[in-house]
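Numbering of ligands and ligand atoms starts at 1, following listing order.
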Amino acid sequence: MVDAGERREALKVVYEQASGCTRCPQLAATRHSVVFGAGNANADLMFVGEAPGKNEDLQGRPFVGAAGKLLGELLEGIGLTRDDVFICNTLKCRPPQNRDPLPQELDNCQDYLFRQLELIEPKVVCTLGNFATKLLRGDPTSITKLRGREEIRTIGPRTIRLYPILHPAAALYTRALLDTLREDFARLPDLLALDAPPQPEPPEETAAIPEPELAAEADADADAAPAESGTADPDEPPPQLGLF
Ligand code: URA
């Protein structure tokens with residue numbers, strides 16, 4: 001898919017599906033909002049963090065707290081803004097008390113992330129910290145071993161340049177890590193200047209992205225949804241989605 005309008009529309013559909021998700025009963029019962037992700041739907045650069053925290057859960061947008069402020073500063077340092085990139089998380093719902101995501105939760109939520117990757121078609125995916133890196137690499141190697149080393153990976157239906165770096169929150173707790181983070185960020189413009197890696201042939205059937213399953217959930221939601229008030233502009237993404 002190349003057309004920007006279609007891409008935005010398709011992302012809104014996935015957003016709506018995620019918004020009614022109850023695959024993780026505890027998260028669905030305790031969340032204030034589903035933090036789908038925000039930014040540029042046509043971005044070449046996508047960041048994947050861990051999971052929403054308290055502020056993100058309340059505002060419905062990723063990285064709006066202290067770690068997000070640092071992420072914004074790091075972006076500014078390489079001449080980018082949040083509007084140039086797409087930012088999301090492995091989990092779209094806040095784990096209570098910010099506990100670590102559970103393996104089952106990561107598994108439940110990964111369809112949404114893979115759909116985001118498929119639709120946004122970023123050239124570079126920058127994983128922030130251990131959870132995103134381990135999930136997207138499908139391997140338990142720690143971020144401390146991998147940080148700053150890009151590799152070409154096929155994730156679901158997309159082949160991308162994966163670039164694992166430290167989570168900005170790590171640099172908030174341990175200031176010495178800020179230099180490492182800045183150093184790793186400084187390589188991003190060079191990575192973005194490279195050609196996108198060649199894409200694999202579309203598979204007969206994409207096991208990692210069970211679209212019919214997502215579609216079935218949306219149908220069920222639509223059946224249960226109250227009639228639209230008619231006041232919302234259908235062309236405008238919901239504010240918390242913040243798509244550009
Ligand atoms: N940390 C994350 O991993 N994601 C957020 O959205 C905020 C903080």
Side-chain angles (χ1 to χ4, degrees), residues 11 14-15 18-19 21 24 27-28 30-41 43 45-76 80-103 105-110 112-114 116-117 120 122 124-137 142-144 146-147 155 162-175 177-178 180-181 184-185 188 237-244:
L11 270 173
V14 186
Y15 164 79
S19 296
C21 185
C24 305
L27 305 193
T30 54
R31 71 183 176 218
H32 288 93
S33 54
V34 170
V35 183
F36 182 71
N40 192 328
L45 175 59
M46 180 162 154
F47 288 93
V48 184
E50 182 178 318
K54 185 177 179 193
N55 293 313
E56 289 78 18
D57 177 54
L58 290 174
Q59 295 184 37
R61 292 171 64 89
F63 282 93
V64 292
K69 187 165 176 277
L70 178 55
L71 180 60
E73 287 166 14
L74 290 161
L75 278 169
E76 209 178 304
L80 296 176
T81 71
R82 288 175 70 117
D83 295 355
D84 295 316
V85 303
F86 191 83
I87 304 174
C88 63
N89 286 300
T90 58
L91 289 193
K92 310 304 186 210
C93 298
R94 180 190 182 203
Q97 274 75 53
N98 298 346
R99 65 155 168 73
D100 286 349
L102 302 176
E105 291 166 349
L106 292 165
D107 200 46
N108 290 344
C109 211
Q110 72 174 11
Y112 299 118
L113 180 58
F114 287 176
Q116 289 173 316
L117 273 173
I120 295 167
V124 177
V125 174
C126 192
T127 48
L128 303 172
N130 259 322
F131 280 95
T133 303
K134 290 180 182 180
L135 180 76
L136 290 191
R137 295 184 79 252
S142 158
I143 187 66
T144 49
L146 296 168
R147 58 138 283 271
I155 296 164
L162 186 77
Y163 187 54
I165 64 171
L166 298 176
H167 195 291
L172 295 176
Y173 299 123
T174 312
R175 290 312 278 192
L177 296 179
L178 191 53
T180 309
L181 204 46
D184 291 345
F185 250 77
L188 276 167
Q240 62 272 50
L241 186 50
L243 282 185
F244 296 94

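- Distance check, rounded to the nearest 0.5 Å: CG of Leu128 to CG of Leu74 gives 9.5 Å.
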Residue pair Val125, Ile155: steps toward the side-chain contact (heavy atoms from CB on, under 4.5 Å) verdict
CA-CA 10 Å; Val125 174; Ile155 296 164; 5.8 Å; no
Which pairs of N or O atoms, one from ligand 1 and one from the protein, are separated by less than 3.5 Å, and what is the distance for each pair?
from: ligand 1; atom 1: 1 (N); to: His167; atom 2: NE2; distance (Å): 3.4
from: ligand 1; atom 1: 3 (O); to: Glu50; atom 2: N; distance (Å): 2.7
from: ligand 1; atom 1: 3 (O); to: Ala51; atom 2: N; distance (Å): 3.4
from: ligand 1; atom 1: 3 (O); to: Asn89; atom 2: OD1; distance (Å): 3.3
from: ligand 1; atom 1: 3 (O); to: His167; atom 2: NE2; distance (Å): 2.8
from: ligand 1; atom 1: 4 (N); to: Ala51; atom 2: O; distance (Å): 3.1
from: ligand 1; atom 1: 4 (N); to: Asn89; atom 2: OD1; distance (Å): 2.7
from: ligand 1; atom 1: 4 (N); to: Asn89; atom 2: ND2; distance (Å): 3.4
from: ligand 1; atom 1: 6 (O); to: Phe63; atom 2: N; distance (Å): 2.9
from: ligand 1; atom 1: 6 (O); to: Asn89; atom 2: ND2; distance (Å): 2.9

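- Once rounded to the nearest 0.5 Å, the distance linking CD of Glu73 with CG of Leu181 reads 11.0 Å.
- Here Lys134 contributes atom NZ and Thr127 contributes atom OG1; the two are 11.5 Å apart, rounded to the nearest 0.5 Å.
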Between Leu91 and Glu50, does the side-chain contact (heavy atoms from CB on, under 4.5 Å) criterion hold? Intermediate values first, please.
CA-CA 6 Å; Leu91 289 193; Glu50 182 178 318; over 6 Å; no
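- Classification of the Phe36-Tyr15 ring pair by plane angle, with boundaries at 30° and 60°, yields perpendicular.
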